[in-house]
Undergrad: 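Submitted below is the structure of interest, expressed as structure tokens.
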Amino acid sequence: MTDAEAAVRERVRLQAVTRFEGGEKNRDIAAALRVSERSVEPWRRQWRENGHAGVASKGSPGRARLPDVQIARLERELERGPLAHGWADQRWTLARVKTLIGRLFHVSYTVEASGPWSNATSAISPPPALARSPAP
């Protein structure tokens, strides 16, 4: 989700809070905000339990980022290649990058083809000389 999309969702939740405070029913709020009642129900519960803070965005748990210093170290380690890290060939895969990040920084990422690492292959591909298949 982009920052703009997250901001839109945040505004919708805050509009729901205004309507909760006005005594509107979930069904009416859902229709007005063009969301499902199933979305409104937990927002109302969170609002009742924790006020405005209850419906505030907590951020996306899948979008944690490494600090710049760790990104720099990761780049250096990727440049060393998979062989240097115990793999049998010079192919970086998303699963291998995930494993390397875990080994280096003791954090875990979920690797999905459509997730935040989907474009990582262009950033972590080995140099062209290493990317070529060995001659038969």
Undergrad: Quick one, E77 with R80, criterion salt bridge (charged side-chain N to carboxylate O under 4.0 Å, His left out). Give me CA distance, side-chain angles, the key distance, then yes/no.
TA: CA-CA 5 Å; E77 295 300 326; R80 290 180 57 209; 2.7 Å; yes
Undergrad: Quick one: CD on E24 to CG on N26, what's the gap to the nearest 0.5 Å?
TA: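 Nearest 0.5 Å value for the CD-CG distance: 10.0 Å.
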Undergrad: Can you list everything that forms a side-chain contact (heavy atoms from CB on, under 4.5 Å) with R76? Sequence neighbours excluded, please.
TA: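 In terms of side-chain contact (heavy atoms from CB on, under 4.5 Å), with neighbours along the sequence ignored, R76 is linked to A72, R73.
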Undergrad: Linking I/L/V/M/F/W/Y whenever any side-chain heavy atoms sit under 4.5 Å apart, do V8 and W43 land together?
TA: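 No, it is not one cluster - the side chains of V8 and W43 are not joined through contacts under 4.5 Å.
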Undergrad: Over all heavy atoms of both residues, which pair between V107 and I101 is shortest? Give the atoms and the distance, please.
TA: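 Taking V107 first and I101 second, the nearest heavy atoms are CG2-CG2, 3.6 Å.
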Undergrad: With sequence neighbours excluded, what pairs up with W47 under the ring-ring contact (aromatic ring centres under 6.0 Å, His included) test?
TA: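 F20.
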Undergrad: Could you list the residues that satisfy side-chain contact (heavy atoms from CB on, under 4.5 Å) with L83, not counting sequence neighbours?
TA: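 Partners of L83 by the side-chain contact (heavy atoms from CB on, under 4.5 Å) criterion, ordered by chain and then number, come out as Q90.
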Undergrad: Rounded to the nearest 0.5 Å, how far apart are CZ of R103 and OG1 of T99?
TA: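 If I round to the nearest 0.5 Å, the distance is 6.0 Å.
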Undergrad: Could E10 and R13 be called an ion pair, given the rule that one side-chain N must be under 4.0 Å from one carboxylate O?
TA: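 Yes, charged N to carboxylate O under 4.0 Å.
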Undergrad: Tell me whether W92 contacts the main-chain N or O of L78 through its side chain, where contact means a donor paired with an acceptor under 3.5 Å.
TA: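 Yes; judged by distance alone, with no hydrogens or angles, the pair exists.
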Undergrad: I'd like to check P82 versus H85 (side-chain heavy atoms, cut-off strictly below 4.5 Å). Are they in contact?
TA: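 The answer is no; the side chains never approach within 4.5 Å.
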Undergrad: Work out which heavy atom in V12 is nearest to a heavy atom in L33; give both atom names and the distance.
TA: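 Looks like O-CD1, 3.6 Å.
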Undergrad: First locate atom OG1 of T93, then atom NZ of K98, and finally report the distance between them rounded to the nearest 0.5 Å.
TA: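 If I round to the nearest 0.5 Å, the distance is 11.0 Å.
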Undergrad: Just how far is it from atom CZ of R96 to atom CG of D89, taken to the nearest 0.5 Å?
TA: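 With rounding to 0.5 Å, CZ (R96) is 4.0 Å from CG (D89).
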Undergrad: Output the distance between atom CZ (R44) and atom CZ (R19), rounded to the nearest 0.5 Å.
TA: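 Answer for the CZ-CZ pair, R44 versus R19, is 11.5 Å.
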